[in-house]
Colleague: 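Below is the structure I would like to discuss, written out as structure tokens.
Chain naming here is simple, since letters A, B, ... match the order of the sequence lines and numbering starts at 1 in each.
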Amino acid sequence: MTELMDFDRAVADFDPVLGIEVHVELGTATKMFDAAPNAFGGEANTHVTPVSLGLPGSLPVVNGTAVEYAVKIGLALNCQIAQTCRFARKSYFYPDLTKAFQTSQYDEPIAHDGWVDVELEDGTLFRVEIERAHMEEDAGKNTHVGGADGRIHGAEYSLVDYNRAGVPLVEIVTRPIEGAGERAPEVARAYVQTLRDIFRALEVSEARMERGNVRADINVSLRPDPQAPFGVRSETKNVNSFRSIERAVRFEIQRQAAILSGGGIVIQETRHFHEDDGSTSPGRGKSDAEDYRYFPEPDLVPVTASREWVEELRAGLPELPVAKRRRLRQEWGCSEMEMRDVVNAGALELIEATTAAGCPAGAARKWWMGELARKAKESETSLADMPVTPAAIAELQGLVDSGRLTDKLARQVLEGVLAGEGSPVQVVEARGLEVVSDEGALTAAVQEALEANPGIVEKIKGGKVQAAGALVGAVMKATKGQADAARVRELIMEMVGA
Amino acid sequence: MNELLARTALDLAAALRAGEITAVELTTACLDRIEALNPRVNAFLHIDREGALATAAEVDRRRGAGEELHPLAGVPIALKDNMVTRGMPTTCASKILEGWLPPYDATVVDRIKAAGLPIVGKTNMDEFAMGSSTEHSAFGPTRNPWDMEHIPGGSGGGSAAAVSAFMVPLALGSDTGGSIRQPGSVTGTVGAKPTYGAISRYGLVAMASSLDQIGPVTRTVADAAALTELVGGHDPLDSTSLNAPVPDLGQAVARVAGAGRLEGLRVGVVTELSGEGYQEEVLASFTATVDELRGAGAEIVEVSCPSFDYALAAYYLIMPAEVSSNLARFDGMRYGIRVEPGEGPVTAERVMAATREAGFGDEVKRRIILGTHVLSAGYYDAYYGSAQKVRTLIQRDFDRVFADVDVLVSPTAPTTAFRFGDKIDDPMAMYLNDIATIPANLAGVPAMSVPCGLDGQGLPIGFQVIAPAHADLKMYEVAALVETLVEDVASACPAATWEETL
């Protein structure tokens with residue numbers, strides 16, 4: 001069992017330094033270097049060409065859209081974009097790597113020297129510096145059959161699926177992240193989350209963590225104080241959920257602190273993360289680190305990104321998530337906490353679209369974060385997948401604001417909309433759910449209630465105003481809830497003469 | 001010999017168009033001769049009688065139906081066995097690819113098929129194109145039709161022998177450091193390495209990507225021009241492919257051959273490529289040809305390219321580096337042979353090691369080890385990095401001298417064909433045979449070999465013409481001029497008198 005130090009003590013005694021490498025699979029139609037479809041899943045080895053299979057004689061050709069996406073990512077991360085850059089071969093032997101080298105970028109990445117501001121839970125911004133962002137291709141996928149829990153060790157044989165081989169990736173490498181202190185786990189999570197949001201905003205990737213679209217390698221090292229040189233680091237590979245990233249950093253800080261405070265030495269190595277208990281365990285030792293024998297890929301001419309093209313892409317960048325969130329928070333008048341709930345619920349875009357359709361921000365937020373969030377949870381679906389459009393919610397709120405619906409009626413109308421009965425107006429008409437706004441009919445109903453409850457009338461007259469509630473209830477019942485309760489109360493008071 | 005086979009590809013193409021002969025008749029003649037002679041010459045690793053005849057029959061049918069066909073339709077062709085052919089064995093003369101049937105066609109193969117040239121088979125070579133003698137083929141050496149005790153050059157000895165022995169009028173080879181030109185030189189055939197990128201490499205099993213180039217092997221310059229026009233031109237599947245139309249080489253060749261002169265031509269004789277280590281008869285024949293050029297209107301100047309002295313060294317660092325990377329994919333997992341370790345566990349690493357041990361020959365292993373070392377951390381700058389600097393110097397030398405001359409000339413190889421076994425145990429001696437051809441590959445410029453004479457043993461000598469990048473047309477003009485000025489070497493090959501029944 002790995003020995004751990006209490007987290008609070010660990011960060012009191014040591015200064016953690018992080019380094020994070022994030023891989024994102026780009027959502028291009030075809031692969032990085034060939035015309036095979038870049039599609040998730042599919043029967044094994046069906047999304048392949050001679051190029052993605054690395055067959056003898058096949059040659060790569062760079063996917064222009066992937067370059068465009070990489071430049072957009074570079075720009076969004078405030079990077080310098082190289083005017084020309086090259087691919088290199090990174091050699092290693094593994095059956096899922098068809099050519100025995102990965103076509104990647106080495107000393108000439110497409111983007112370098114940038115930064116990104118990450119918003120932490122308390123609303124402060126933490127700046128992470130980016131060393132480089134480079135393009136490369138993904139490898140295939142091995143399945144080990146016959147051993148315990150899918151590990152290669154003890155397996156009888158292995159199957160390789162090359163559908164993923166050649167899928168375009170961008171790898172983003174940070175400079176050492178210093179000064180995070182006890183917030184290091186939070187910074188790591190927020191950083192990867194920020195990148196995920198940027199990828200989505202740029203529409204360069206679906207960025208679905210659960211599909212491995214975004215994967216992070218997390219380097220952690222400790223030093224006695226911020227002035228000391230960097231300590232020996234561990235690299236936890238392929239962490240692919242936000243929660244896991246936070247846990248992996250926490251675990252490594254606690255593990256390394258225990259080693260260091262006991263006078264031990266941290267070994268530089270790669271480690272695996274375990275979802276079940278949040279621990280990490282040693283992988284391959286760096287002592288047998290491979291020599292990748294990088295050299296410029298002779299089958300590809302250099303990639304050029306002209307100034308004009310880069311500026312055109314820069315001008316076309318969407319508003320980025322952190323900035324957008326800050327702007328909307330201002331406009332909507334939310335607290336940090338409320339805004340974070342909105343983001344976590346995946347409601348930001350929906351609320352924004354609802355407001356854009358004419359709904360006041362407060363009401364839009366109330367619908368999506370209240371009634372709709374509740375119903376989404378009940379039906380175990382995401383907000384985005386609810387069968388209602390932001391425009392319909394705006395229409396519904398319009399009916400409330402014009403007095404045609406009460407809040408209660410509006411919720412009933414929403415039921416109808418969700419049940420596929422049409423737009424809010426159509427549901428109102430079909431179900432006859434409109435507020436009784438005919439004063440004559442209301443007056444008659446109130447008159448009826450007064451006559452049927454002389455005792456209550458007397459009480460009101462005697463000063464017990466709260467007794468009017470019973471009469472309101474009676475009128476609402478008589479009008480099947482379609483009356484405006486406040487107006488009913490007004491009428492009762494007028495007619496009783498109190 | 002069937003007299004058809006003595007004719008050039010362009011003659012045959014004209015006869016086919018005129019209806020004098022049929023493609024089936026011609027293809028049958030080639031195949032019969034190949035099948036009769038191959039047991040002796042070993043120029044072919046695979047013969048496709050059925051496929052070639054089917055193509056020929058289809059060409060005859062379409063021509064009969066009055067369809068407009070490619071000018072070379074129906075003219076048989078052979079391909080070096082490092083060009084992938086869908087459903088036809090492609091081995092690179094290596095055990096490791098024995099039995100591999102590629103699921104796709106190389107771009108050149110695509111174009112040949114579309115034009116209706118019957119592919120008679122795949123020719124022998126040094127394993128993965130590594131060698132200068134075709135002695136490194138895993139399936140036995142090819143013999144030189146000029147003298148069966150001599151090597152046919154390498155790595156494209158099979159294509160050169162097939163063409164020089166009148167087995168087929170056209171062939172394609174590949175040239176990384178001279179593998180089209182040096183075999184051309186020692187078998188009396190014409191061989192050209194175009195400007196890097198002029199012919200697609202898609203589907204050419206790579207030896208050293210930055211140096212490899214496909215090119216024609218023929219008996220005349222005009223045939224080489226026609227074949228280059230057929231297979232050349234931009235290919236979107238090869239990122240290094242030139243985005244420019246193929247020049248009208250055939251017309252230029254015909255014009256020069258007709259005139260027999262090239263007024264105002266400036267020819268540079270490279271001092272570094274015509275001195276020490278060159279066979280005397282080779283130099284004599286070369287000098288005589290240069291004199292002929294002078295007589296035909298050319299101005300001859302001596303030029304010096306000092307960096308060429310380091311070309312061989314740079315080549316033997318860059319080439320193996322790329323070889324080690326390109327051949328790393330042969331791991332026994334997906335295609336070719338798979339050898340499991342004799343004892344112990346069957347892991348991926350051990351299968352890979354056993355497959356390579358059994359599948360690769362000595363020369364291939366030597367270059368993989370050399371290349372792996374050259375690229376390894378700590379040695380990269382000293383070896384690969386320095387070699388790339390030399391490469392730049394060589395390019396500059398070319399740029400400098402091409403400011404003054406239209407083409408450079410030299411003997412193609414320092415000697416005529418050596419005997420089998422002479423250099424097989426001395427890699428350095430073997431490597432030296434490529435000393436004159438390598439600079440063009442390092443600089444990416446076009447170069448070709450034209451036969452210019454015979455030595456005392458009656459073995460052919462080659463004359464090399466090197467042109468600036470993208471000046472392939474000029475190279476073809478000069479080669480055509482040389483051809484008109486010297487004796488017809490190719491027709492003098494003793495194989496012309498061989499009977500298929502021998």
Colleague: Do you know which of B:Leu237, B:Thr90, B:Val84, B:Thr107 has the most heavy-atom pairs under 4.5 Å to chain A?
Modeller: B:Leu237
Colleague: What part of A:Tyr294 gets closer than 4.5 Å to chain B, counting heavy atoms only: side chain, backbone, both or neither?
Modeller: backbone
Colleague: For A:Tyr92, is it the side chain, the backbone, both, or neither that has a heavy atom closer than 4.5 Å to a heavy atom of chain B?
Modeller: neither
Colleague: What are the two closest heavy atoms between A:Pro50 and B:Tyr202, and how far apart are they?
Modeller: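 That would be CB-OH, 3.9 Å.
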Colleague: Any idea which heavy atoms bring B:Asn326 and A:Arg89 closest together, and the distance?
Modeller: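 Smallest heavy-atom distance, with atoms named: OD1-NH1, 2.8 Å.
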Colleague: Just checking, any donor-acceptor pair under 3.5 angstrom between side chains of A:Arg293 and B:Tyr379?
Modeller: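 Judged by distance alone, the side chains do not pair up.
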Colleague: Give, for atom CE of B:Met333 and atom CG of A:Leu97, the distance between the pair rounded to the nearest 0.5 Å.
Modeller: 12.5 Å
Colleague: Looking only at heavy atoms, which two atoms of B:Thr240 and A:Leu300 are closest? And how far apart?
Modeller: CG2-N, 4.5 Å
Colleague: If you count heavy-atom pairs under 4.5 Å with chain A, which of B:Ala206, B:Ser325, B:Pro102, B:Pro236 comes out on top?
Modeller: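 Of the options given, most contacts go to B:Ser325.
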Colleague: Given side chain to side chain contact (heavy atoms under 4.5 Å, CB included), test A:Phe93 with B:Asp331 step by step and report yes or no.
Modeller: CA-CA 9 Å; A:Phe93 294 110; B:Asp331 56 10; 5.9 Å; no
Colleague: If you take the centroid of each ring, where Trp contributes its six-membered ring, are B:Tyr380 and A:Phe295 closer together than 6.0 Å?
Modeller: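 For A:Phe295 and B:Tyr380, the ring centres are not under 6.0 Å apart.
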Colleague: Hey, is OH on B:Tyr383 packed in by over 12 heavy atoms from elsewhere, all under 6.0 Å?
Modeller: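 12 or below, so no.
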Colleague: For B:Ser239 and A:Asp299, work out which heavy atoms get closest and say how close.
Modeller: OG-O, 3.5 Å
Colleague: Take B:Arg329 and A:Ser58 through the side chain to side chain contact (heavy atoms under 4.5 Å, CB included) test and state the conclusion after the steps.
Modeller: CA-CA 12 Å; B:Arg329 71 186 63 191; A:Ser58 62; 4.0 Å; yes
Colleague: Using every non-hydrogen atom in the two residues, find where B:Tyr335 and A:Pro56 come nearest and quote the distance to one decimal.
Modeller: CZ-CD, 3.5 Å
Colleague: What distance separates A:Tyr94 OH from B:Glu349 CD, expressed to the nearest 0.5 Å?
Modeller: 8.0 Å
Colleague: Tell me if a side-chain donor or acceptor on A:Asp291 pairs with a main-chain N or O of B:Ala377 at a distance below 3.5 Å.
Modeller: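 Here the side-chain-to-backbone pair exists.
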Colleague: Which heavy atom of B:Arg201 sits nearest to which heavy atom of A:Pro298, and what is that distance?
Modeller: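 Heavy-atom minimum between the residues: NH2-O, 4.2 Å.
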